[in-house]
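Comments concern the structure below.
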There are 4 protein chains.
Amino acid sequence: MGTRETKSRILDAALELFNTSSTSDISANRVAEAAGISRGNLHYHYASKEEIVLDLWNRIEAEMGEWSKNPMSPTLENMALMALRQFRLIWRYRFFYQELNVLLERDTELRYRFTRARQKRMEDVFVFFRQLANAGFLRSDLSDRQLRRLIKISWLVSDFWLSFVRVEDEVIDIGTMEDGFKLIVQLFEPVMTDRGKRGIPLSLRAFSLDPTDFTQRSA
Amino acid sequence: MGTRETKSRILDAALELFNTSSTSDISANRVAEAAGISRGNLHYHYASKEEIVLDLWNRIEAEMGEWSKNPMSPTLENMALMALRQFRLIWRYRFFYQELNVLLERDTELRYRFTRARQKRMEDVFVFFRQLANAGFLRSDLSDRQLRRLIKISWLVSDFWLSFVRVEDEVIDIGTMEDGFKLIVQLFEPVMTDRGKRGIPLSLRAFSLDPTDFTQRSA
Amino acid sequence: MGTRETKSRILDAALELFNTSSTSDISANRVAEAAGISRGNLHYHYASKEEIVLDLWNRIEAEMGEWSKNPMSPTLENMALMALRQFRLIWRYRFFYQELNVLLERDTELRYRFTRARQKRMEDVFVFFRQLANAGFLRSDLSDRQLRRLIKISWLVSDFWLSFVRVEDEVIDIGTMEDGFKLIVQLFEPVMTDRGKRGIPLSLRAFSLDPTDFTQRSA
Amino acid sequence: MGTRETKSRILDAALELFNTSSTSDISANRVAEAAGISRGNLHYHYASKEEIVLDLWNRIEAEMGEWSKNPMSPTLENMALMALRQFRLIWRYRFFYQELNVLLERDTELRYRFTRARQKRMEDVFVFFRQLANAGFLRSDLSDRQLRRLIKISWLVSDFWLSFVRVEDEVIDIGTMEDGFKLIVQLFEPVMTDRGKRGIPLSLRAFSLDPTDFTQRSA
DNA sequence: AATGAATGAGGCTTCATTCAT
DNA sequence: GATGAATGAAGCCTCATTCAT
């Protein structure tokens, strides 16, 4: 069996376990068991749980890297799409966002990688919204400072919306993410032009649920 | 030595440890050591770590209960005060909010208690804002539905703002909380009257940091 | 509350617990709980579990002492009665007989007391059977040696019959004891006279189940 | 080191300890120590003490399985041999028979395995005695029902004879087992033919003590 | 690459016991 | 007589880790 494939199986197994409990409550033992390999072998591939988490982060980063490589054209549909794929990514790796501070506290390198990626991604999003403004969807007098602050709140919302909702709701689905998107829309409404307000899609249900679809879509 | 005192020492020690690592990473051993008592005695008072967490939640709940008993008069200063004391509570018990989903997943009773308290508290806040509207600070055409949605976002912000910021910022202080408050203000701005917009305090630095001060203040 | 009463409650609770698990698996803790007193208080009355077991033995011994004080007249009904009350005693204190060797290994004094009581009791029984022979129920050529050996086997049967049966049977009741008695009868049959064989009661069901009845009955 | 060898050493050590105290009083710790391995390794091979007991039962069962595979020819010497090897087996695994009910109460699977094996073995013995009757050693009018009841008593005797004797006797040796055998002989005497009575060996001392000898001997 | 055996540390928990009240 | 607080030992178990194969 190839190294790649084994590592992949380990990550899959670990992700599923982390998402249901918490990283601290999942032992390497159980990951090995779930991955169908021996403890010794798990150790051969990943010396510690930290390394597994880091490699799961690599997956997240890789996916977001794809997004950066294929920037979306500035349409309102794409704004919705961006939100949706972000929610979905966060949901798939929810353990990461639910334990964010704990994980970053534990691993300095991870913290560095995470914040760097966040900044890079924020810049991408900033550019997208500037273009959205130029295209006449946002008010022309929106200052960079204002815009950045708006993005920051939406960021907070997208990072923690699912955690927030999960406290009370049993099921997380497309509807939950739609609600989160509506919150973000509401945040941007005061700075949208009439044309923007009219065109914003309020449902995400039309969009494909297959995450791989998200990477290439452009207008 | 009285039970109360010992229990209190345990909770203090546990809180401090939980806030720096994560509940799973802190052993009962270390809590006992930090509290200056024996392992056996720790177990005598708290059968499990779950019980400690639950009792720490009792503290949170008790503090919020005080707030409910002494409702604030509807002024803009009090709106700021409410946000500040909320941030401060969350910061003091930050481990709780940073691991929220994990903790609630682990303990069903805690989940019930938490959601019930949240609903109760949300209702209090709703009443406060309604009074704020009646007092002429919020636009009179603000619907209950709109108001509730606004409160929901601010809630998300206050629950997770510090977690969000902590990723990048080393130090959490009054300034951090002020920034959080500004976010909330920004959320409410679109529905504020001119009188409301003018009167909103943008700095929290004037307010005392002593949390006990927060309970009685009214206009 | 009087010492006597508390001690009695402790013994009752301990007996019930011992009978369902095993002495080693029952902690003083659980005995205290079942008796409805504090651990400290249990300790006040019984310094160790050994002492509790010894005091339970005292109860057994006391009950058998009553038997000695009121010897039965040599009838076949009384032979059945003796067996029955013996089975019942053993069943009530079954933990004792099921762990016999372990318990005696642990406590030298208990071993001494137990063997002494057994010898005393065996002598009583021997006398009873000699009278039974004199009364014409057993063959007159039965030697003391033979008789003693027969008693020994019956002893073994009564000590361990219930343990033996319990392995496979869920319920132990009067029928089970009846079966045990039949075994004993079978053992004695070869040395019984025709009159003895004819008169032996094969059912114990006619006898009262109230153990206190057993102490005074005599022809 | 091979698994087999280590497991074997664990079983040897556990058996010796169990036989002197009781299973509950022997900690995994002490077993590991006696086996000369680490606690962790002990747990690697046996997850719990229950499993050790079960594996010791496997040994008993295996040994009895050998007996079944090599049925003895129906001679009086072999009847004695069967009793002797049974006593010896019980003595070697005496902890098992001394705690029988407790152990079976604890482990349902063990109970099932034990009763199944007992029934199988009883059937073997029944066949042997039937052959003994056919060979003219037992009275031809002996009914199956009578025979089964006799076997049942002897079974009780062989299971518990050593427990019974051990209460008073310090040393258990070939003589003790001989006494037990005599009891059994006495049980069967009433149904033996004259030829049977004359031929029965009253001493077991002539038989080799090496248990491996017992498996093949046939007339 | 992979496995299974082995180790020792450390976690949780129960327990017997002591002691002040 | 009785209680509750406290201790420390010891039990069981899980775990990360190492290593020979």
Side-chain angles (χ1 to χ4, degrees), chain A residues 1-7 10 24-33 35-52, chain B residues 1-7 10 24-32 35-51, chain C residues 1-7 10 24-33 35-52, chain D residues 1-7 10 24-32 35-51:
Chain A
M1 196 185 305
T3 276
R4 196 107 302 272
E5 195 197 335
T6 304
K7 284 198 147 191
I10 293 172
S24 300
D25 294 339
I26 301 299
S27 67
N29 234 334
R30 286 181 58 190
V31 174
E33 203 182 348
I37 61 171
S38 68
R39 304 148 206 230
N41 197 17
L42 176 60
H43 228 66
Y44 175 80
H45 290 288
Y46 292 104
S48 71
K49 217 160 47 180
E50 241 180 41
E51 286 188 14
I52 297 181
Chain B
M1 195 185 306
T3 278
R4 197 108 297 276
E5 194 196 333
T6 306
K7 282 198 150 190
I10 292 171
S24 299
D25 294 340
I26 300 300
S27 69
N29 230 335
R30 287 183 59 193
V31 174
I37 61 170
S38 69
R39 271 187 255 191
N41 198 16
L42 176 61
H43 254 283
Y44 177 78
H45 289 287
Y46 292 103
S48 69
K49 222 162 41 181
E50 238 181 44
E51 282 188 16
Chain C
M1 196 187 300
T3 276
R4 196 107 301 273
E5 194 197 334
T6 304
K7 283 199 147 191
I10 293 172
S24 300
D25 294 340
I26 300 300
S27 66
N29 234 336
R30 285 181 60 191
V31 173
E33 203 182 349
I37 61 170
S38 69
R39 305 150 205 226
N41 196 17
L42 176 61
H43 227 66
Y44 175 80
H45 290 287
Y46 293 104
S48 71
K49 216 159 50 181
E50 240 180 41
E51 285 187 14
I52 297 181
Chain D
M1 194 186 305
T3 276
R4 197 106 299 276
E5 195 196 333
T6 306
K7 283 199 149 190
I10 293 171
S24 299
D25 293 340
I26 300 299
S27 68
N29 229 336
R30 286 183 59 192
V31 175
I37 61 171
S38 70
R39 273 186 255 188
N41 198 18
L42 175 61
H43 256 284
Y44 176 79
H45 290 287
Y46 292 102
S48 69
K49 222 161 42 182
E50 237 181 45
E51 283 188 16

| remark: Assign each of A:Arg30 and A:Gly40 the nucleotide of DNA chain F bearing its closest heavy atom; nearer the 5' end lies the nucleotide of A:Arg30
| message | Could you measure the distance from the NE2 atom of C:His43 to the CD1 atom of C:Ile37? Nearest 0.5 Å is fine. | response | 11.5 Å
| Pair partner, E:dG4 [Watson-Crick or wobble, under 3.5 Å] | F:dC19
| request: Side chain of C:Ser48 only, please: which of E:dT17, E:dA6, E:dC12 is the nearest? | output: E:dT17
| task | Round to the nearest Å and state the distance from A:Arg39 atom CZ to F:dT21 atom P. | result | 20 Å
| task | Check the distance between E:dC12's C1' and B:Tyr46's OH and give it to me in whole angstrom. | result | 18 Å
| Would one find a side-chain N or O of A:His45 under 4.0 angstrom from OP1 or OP2 of E:dA2? | yes
| query | How long is the span from the CZ atom in B:Arg30 to the OG atom in B:Ser27, to the nearest 0.5 Å? | reply | 6.5 Å
| query | Say you draw a straight line from CG of A:Asn29 to CD of A:Glu33; how long is it, rounded to the nearest 0.5 Å? | reply | 7.0 Å
| note | The answer to which of A:Ser38 and D:Gly36 contacts DNA chain E further toward the 5' end, by nearest nucleotide, is A:Ser38
| request: Return the nearest nucleotide to the side chain of C:Asn29; candidates are F:dC13, E:dC15, F:dA16. | output: E:dC15
| field | Between P of E:dA16 and CD of C:Glu50, the distance in whole Å | value | 13 Å
| D:Ile10 CD1 to E:dA6 C1': how many Å, rounded? | 11 Å
| Can you tell me how far C1' of E:dA6 sits from NE2 of A:His43, to the nearest Å? | 14 Å
| task | Could you grab the distance from atom CD1 of C:Ile10 to atom NZ of C:Lys7, nearest 0.5 Å is fine? | result | 8.0 Å
| query | Which whole-number value in Å describes the distance from D:Glu5 CD to E:dG4 P? | reply | 19 Å
| said: Applying the Watson-Crick and G-U wobble criteria at under 3.5 Å, what pairs with E:dA9? Answer none if nothing qualifies. | reply: F:dT14
| For DNA chain E, whose closest nucleotide is more 5', that of B:Ala28 or that of C:Ala47? | B:Ala28
| request: Find which nucleotide of DNA chain F each of C:Tyr44 and D:Ser27 is nearest to by heavy atoms, and output the residue with the more 5' nucleotide. | output: C:Tyr44
| note | In whole angstroms, the gap separating C1' of F:dT14 from CG of B:Asp25 amounts to 15 Å
| What is the distance from CG of D:Asn41 to P of F:dT14, rounded to the nearest Å? | 15 Å
| note | Looking only at heavy atoms, the pair that brings D:Thr6 and D:His45 closest together is CG2-NE2, 3.6 Å
